[in-house]
S.K.: 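What follows is a single structure, and I will ask about it in a moment.
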Amino acid sequence: MEKFVINGGRALDGDVAISGAKNAAVAIIPAVVLCDEPCRIENIPNISDVTLIGRILQEMGAEVKRINKSTLYIDPKGIETTSATSDLVRGMRASYYLLGALLGRSHSARVCLPGGCNFGARPIDLHLKGFAAMGARHELVNGAIIDVHSDYRLKGNHIYLDFASVGATINIMLAAVKAEGQTIIENAAKEPHIVDLANFLNSMGAQIRGAGTDTIKIRGVDFLHGVSYSIIPDQIEAGTYMCAAAATRGRVLVKNVTPKHLESITAKLREIGCEIKEFDEAVLVDATKRPLTRCNVKTMPHPGFPTDCQPQFAVLLTTVEGTSIINESVWDNRYQYVSELTLMGAHISVEGRLAIIEGGSRLSAAPVKASDLRAGAAMIIAGLCADGTTEVSSIQYIERGYEDIVEKLTNLGADIRKVYYEDHSGENSLRA
Ligand code: EPZ
């Protein structure tokens with residue numbers, strides 16, 4: 001077993017280079033299944049989710065080679081199956097993008113229900129509604145496998161999403177790229193990784209217009225040629241380091257970013273008193289100039305404040321005097337980290353989708369665990385702020401989405417290291 005051991009109480013100071021976007025990579029890699037030639041994808045983050053989706057494509061018959069730490073070569077020619085039902089597939093949520101990619105490639109797909117972070121219901125009804133509108137029927141097999149099929153090439157249609165779902169927007173886009181005619185997605189998600197996927201597909205010869213707006217129009221094509229493509233920087237990794245800089249009252253230059261993708265995070269940090277300077281491909285977060293003040297925040301689909309930075313921002317608000325309120329409007333249960341944070345002395349009460357934070361008292365070190373990817377990042381930020389030695393376990397969640405997090409934080413002056421240990425928690429454990 002592995003855990004992070006953090007000696008907190010130090011302000012972060014220095015530069016950090018942001019890696020490629022996880023949520024773009026886990027959509028673009030499955031999208032190669034649609035291509036008729038090999039592709040080279042650059043600025044790929046070296047994280048376990050990327051390794052996993054690459055292994056899944058290999059299992060399906062694709063050739064996947066890591067050219068270097070951040071570049072993959074993928075040749076989908078060898079894929080003959082329309083199924084992805086192994087245990088590997090069950091291990092990550094983004095594997096469901098194979099539904100859209102396989103439907104787009106051969107109007108048939110059989111993929112096991114996805115895993116991924118568990119914070120409330122994670123239905124895929126909107127994805128299936130889109131597939132049905134294009135002529136594909138679905139069936140749940142043994143409660144574990146989704147089988148989506150059309151006897152003919154999918155037909156474009158006009159699809160309205162009840163919620164601006166990232167996954168549904170991506171999956172419908174993938175299914176529509178080679179469908180007959182035009183598909184229109186209304187109330188589409190506008191996250192940066194949606195635009196990045198559309199740009200990737202268009203560079204292969206797809207005809208997608210409007211990505212990044214509420215309405216995306218896709219005109220089906222017959223052939224997609226191979227490309228070399230570089231993935232956008234990770235908006236959420238950047239937001240995580242911005243929150244860490246503010247929470248420790250430090251001064252950090254966050255490099256290799258697209259400042260426009262960070263506008264909602266920058267606005268909130270400025271609102272509580274951080275000084276933020278924006279450069280072409282970097283933002284400087286300076287929380288050394290004045291005391292920070294409380295605020296309220298509501299998570300929203302992009303361009304609103306990203307739900308994937310909610311736990312990290314909550315930790316920051318525990319360090320700020322006063323009562324702050326978080327409204328998590330995207331997920332119905334994304335406060336599982338609060339019980340861990342309470343062990344460190346935080347005063348937070350959760351009422352449905354609201355978290356009421358009584359901030360100002362210093363956090364104290366404790367052994368805590370990561371309940372999901374972003375909650376794990378939040379626990380690390382809490383450890384960086386707390387006096388004493390904090391241990392964060394279940395770090396496999398964190399390593400799904402944060403490349404070289406120990407090295408990057410150490411370069412910012414943090415005292416953090418990864419430690420291997422025997423897990424005897426099953427023996428006479430006081431905490432279930
Ligand atoms: C993506 O999840 C991200 N995952 C999540 O990031 C992120 O939190 C989420 O988008 C919102 O930005 C990946 O990109 C791999 P949604 P996704 O479909 O696509 C409801 C991380 O930390 N909904 O936008 O699953 C759903 O229940 C991860 O990197 C339906 O009701 O999110 C939720 O309440 C965690 N029916 C809301 O929409 C559907 O068919 C948002 O879901 C689909 C979604």
Side-chain angles (χ1 to χ4, degrees), residues 19-31 45 47-50 52-53 56 91-100 113-133 138 146 148 159-175 185 187-197 231-232 234-240 261 264-265 299-313 327-337 352-353 370-378 397-403:
S19 305
K22 165 182 93 76
N23 289 345
V26 298
I28 284 173
I29 292 169
I47 53 178
S48 58
D49 266 10
V50 164
L52 195 49
I53 196 75
I56 290 168
M92 68 183 295
R93 180 162 189 79
S95 51
Y96 65 11
Y97 293 145
L98 288 165
L99 285 169
L113 276 178
C117 297
N118 176 21
F119 28 76
R122 296 191 73 175
I124 61 168
D125 56 307
L126 298 177
H127 304 232
L128 299 174
K129 172 182 172 183
F131 298 151
H138 74 270
I146 284 274
V148 192
I159 298 159
Y160 183 88
L161 292 182
D162 303 18
F163 179 87
S165 155
V166 169
T169 302
I170 288 176
N171 243 339
I172 294 166
M173 196 194 295
L174 292 172
I185 306 173
N187 195 25
K190 298 179 273 197
E191 273 68 9
H193 35 288
I194 303 269
V195 178
D196 206 27
L197 174 65
I231 282 182
I232 56 170
D234 195 313
Q235 164 203 35
I236 304 302
E237 185 194 14
T240 301
H261 293 166
S264 60
I265 303 163
T299 66
M300 291 290 283
H302 192 76
F305 190 91
T307 174
D308 292 346
C309 281
Q310 181 258 97
Q312 303 91 309
F313 201 77
N327 182 350
E328 171 52 62
S329 82
V330 175
W331 294 103
D332 57 18
N333 177 16
R334 194 171 195 167
Y335 291 120
Q336 290 173 355
Y337 66 89
R353 291 199 173 206
S371 51
D372 62 66
L373 167 57
R374 307 304 175 184
Y397 286 114
I398 302 168
E399 296 186 322
R400 285 185 46 212
Y402 287 94
E403 180 180 57

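Start at 1 and go down the list; that is how both ligands and their atoms are numbered.
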S.K.: How about H138 and F131: are their ring centroids closer than 6.0 Å?
M.R.: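 They do not qualify: ring centres at least 6.0 Å apart.
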S.K.: Which of the numbered atoms in ligand 1 are under 4.0 angstrom from any heavy atom belonging to R93?
M.R.: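 Within the 4.0 Å cut-off of R93, ligand 1 contributes 25 (O).
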S.K.: If the threshold is 4.0 Å, N to carboxylate O, is there a salt bridge linking D308 and R334?
M.R.: yes
S.K.: Under 4.0 Å from ligand 1, counting heavy atoms only, is it the side chain of T307, its backbone, both or neither?
M.R.: side chain
S.K.: Going by heavy atoms in the side chains, are H302 and I194 under 4.5 Å from each other?
M.R.: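 Counting from C-beta outward, H302 and I194 never come under 4.5 Å.
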S.K.: Check ligand 1 against Y96 and write out every atom of the ligand that is under 4.0 Å from a heavy-atom position of the residue.
M.R.: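 Going through ligand 1 atom by atom, the ones under 4.0 Å from Y96 are 17 (P), 19 (O), 25 (O).
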S.K.: Closer than 3.5 angstrom, by distance alone: can the side chain of D196 be matched with the main-chain N or O of I231 as a donor-acceptor pair?
M.R.: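 Answer holds: no.
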S.K.: Between L126, I194, N23, flag the one that comes closest to atom 40 (O) of ligand 1 by a heavy atom.
M.R.: L126
S.K.: Side chain, backbone, both or neither: which part of H302 has a heavy atom under 4.0 Å from ligand 1?
M.R.: neither
S.K.: When you look for heavy atoms under 4.0 Å from ligand 1, do you find them on the side chain of Y397, its backbone, both, or neither?
M.R.: neither
S.K.: Is R334 touching ligand 1 with its side chain, its backbone, both, or neither, if touching means heavy atoms under 4.0 Å apart?
M.R.: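 Contact part for R334 vs ligand 1: side chain (C-beta onward).
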S.K.: If the cut-off is 4.0 Å to any non-hydrogen atom of P123, which atoms of ligand 1 fall inside it?
M.R.: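 Numbered from 1, ligand 1 contributes 27 (O), 30 (C), 31 (O), 36 (N), 39 (C), 40 (O), 43 (C), 44 (C).
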S.K.: Any luck finding a side-chain donor-acceptor pair between T240 and Q312 under 3.5 Å?
M.R.: yes
S.K.: Heavy atoms only, cut-off 4.0 Å: how does V166 contact ligand 1, side chain, backbone, both, or neither?
M.R.: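 Near ligand 1, V166 shows its backbone as well as its side chain.
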S.K.: Ligand 1 versus V330, non-hydrogen atoms closer than 4.0 Å: side chain, backbone, both, neither?
M.R.: both
S.K.: R374 heavy atoms, cut-off 4.0 Å: which ligand 1 atoms fall inside?
M.R.: 21 (C), 22 (O), 29 (O)
S.K.: Under 3.5 Å, is there a donor-acceptor pair linking the side chains of E403 and S19?
M.R.: yes
S.K.: Is a salt bridge present between R400 and D49, judged by a nitrogen-to-oxygen distance below 4.0 Å?
M.R.: yes
S.K.: Only heavy atoms count here, so choose which of D125, D308, D49 is nearest to atom 6 (O) of ligand 1.
M.R.: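 Result: the heavy atom closest to atom 6 (O) of ligand 1 is in D308.
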S.K.: Is there a side-chain contact between M92 and I53 in this structure, where contact means two heavy atoms from C-beta onward sitting under 4.5 Å apart?
M.R.: yes
S.K.: May I ask you to list the atoms of ligand 1 that are less than 4.0 angstrom from any heavy atom of K22?
M.R.: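 Once the distances to K22 are compared, the set is 21 (C), 29 (O).
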S.K.: Kindly say whether S371 contributes a backbone atom to a donor-acceptor pair with the side chain of Q336 at under 3.5 angstrom?
M.R.: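 Looks like no, no N/O pair under 3.5 Å.
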S.K.: Considering the heavy atoms of G167, write down every atom of ligand 1 situated less than 4.0 Å from one of them.
M.R.: 18 (O), 19 (O)
